[in-house]
Amino acid sequence: MQSDHDFHPLTVLAVVDETADTRSFVLDVPPALADTFAYAAGQFVTVRVAVDGAEVVRCYSMSSSPDVGDPFTTTVKRVPGGVMSNWMLDTLTVGDAIDVLRPAGLFVLHDADVPVVAFAGGSGITPIFAILKTALATTTREVVLVDANRDADSVIFAEALARLEREHPGRLTVHRHLDAESGFLDVATLRGFVGDRTDAHFYVCGPTPYMDLVEEMLAGIGIRPGQLFIERFVTPGDVPAITESSHTDQVVLILAGKTTTVDYKVGDTLLDTARRAGLAPPFSCELGSCATCMAQLDEGSATLRINNALTPDEVDAGVVLTCQAIPTSRRVVVNYDA
Ligand SMILES: Cc1cc2nc3c(=O)[nH]c(=O)nc-3n(C[C@H](O)[C@H](O)[C@H](O)COP(=O)(O)OP(=O)(O)OC[C@H]3O[C@@H](n4cnc5c(N)ncnc54)[C@H](O)[C@@H]3O)c2cc1C
């Protein structure tokens, strides 16, 4: 039986050179998997490949929008020293198959009769490109894109964005910022792009310092959390080390109808604890993004080091990403079957 946690081999139909260090990969979703791979613009997939014999799992957003008839496409930028991105750019070619998990993610277009103001930096344009295509095709909302890049050669989707601007005069405005010409963006300049659109919905994806600056600017003009949607391209190096000391004694794990009780080892996540108990719990990205390792806390509490997948309501209801969850109560009951 197949579950949401199954990877599926998808064949690469086409490889498109976007810039010197970025390529798009068009993937073939066979009709039998159409429902599994149905997605909303802005979502991502989790990809698993073997690099030099070791399994590597990473997340990649779709740059395609299902609302404009795009084929299912991810766009990958080379990260210096990065395992998966270099492997994909240097090795993956038409006809190859890669293991892909069903789409996931909360970074999608939210309904509202207000402008869409998007801040993209570098490869952060990938999900934002999809979202703005959907906004233009399915709504009458004004769309403003601030697209920051190192230099003109590193701008991804430059031509496609210019075409969209021509096709939607007065509805889409693209502000292009190049560090090579004007240095890094600052709060005052970012503020200028918002203008009087303080009722807008804001979408942000890019390098952490850029996102921090955008968030600082938006907080400074009183933007409410409900107006702000953020995607973080987390990598293994971003996961903070576990420094807190825990008072947890016991972790009770409910998995596949079986209850297992183990002593807690300080520094372990709930996923580590389950694996140490000899169980085979579901997991994939181990970066707090794909939600494969999700479970319900029937008792006790935990903090999440990274949460790129759960809504505030889910967190309030006791749902945890076990790969990121550090228990904080004396006893914790983790229910994978809930
Ligand atoms: C939801 C989501 C969507 C994403 N979408 C996209 C997308 O559309 N396009 C895209 O290009 N990327 C995207 N990413 C980023 C992508 O998943 C990878 O993180 C990126 O490609 C780098 O992976 P890598 O294997 O090449 O690099 P890694 O091998 O993971 O290395 C990344 C960097 O971290 C450093 N590093 C690695 N391990 C450690 C460590 N233990 N300690 C300290 N530093 C370390 C490396 O030196 C390198 O600089 C997304 C990420 C997420 C979470």
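Computed over heavy atoms, backbone and side chain alike; hydrogens, waters and symmetry mates excluded. In this text the structure is predicted, and so the values were computed from the model without any measurement. When a ligand or atom number is given, it counts from 1 through the structure's own listing order.
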Report summary line: Value for CZ (Arg232) from CZ (Phe107), rounded to nearest 0.5 Å, stands at 10.5 Å

Report summary line: If you compare Met84, Arg232, Glu231, Lys77 by their heavy atoms, the one closest to atom 25 (O) of ligand 1 turns out to be Met84

Query raised in the report: Is a side-chain donor-acceptor pair under 3.5 Å present for Thr134 with Ser65?
Result: yes

Query raised in the report: Within 4.0 Å of atom 50 (C) of ligand 1 (strictly less), any protein heavy atom?
Result: yes

Requested in this report: Give yes or no for whether the N/O distance cutoff of 3.5 Å, strictly under, is met between Thr75 and ligand 1.
Outcome: yes

Report task. Indicate, with yes or no, if the rings of Phe119 and Tyr210 have centres closer together than 6.0 Å. Result -> no

Query raised in the report: Between Phe233 and ligand 1, does any nitrogen or oxygen pair lie at a separation below 3.5 Å?
Result: no

Query raised in the report: Taking heavy atoms and a distance under 4.0 Å, where does Pro80 meet ligand 1: side chain, backbone, both or neither?
Result: backbone

Query raised in the report: If hydrogens are left out, which of Val47, Thr73, Val79, Val56 has an atom nearest to atom 48 (C) of ligand 1, that is, the closest non-hydrogen atom?
Result: Val79

Query raised in the report: Is a side-chain donor-acceptor pair under 3.5 Å present for Thr328 with Ser301?
Result: yes

Requested in this report: Check each of Ala309, Gly82, Gly288 against atom 31 (O) of ligand 1 and report the one with the nearest heavy atom.
Outcome: Gly82

Query raised in the report: Short check: is a protein heavy atom less than 4.0 Å from atom 46 (C) of ligand 1?
Result: no

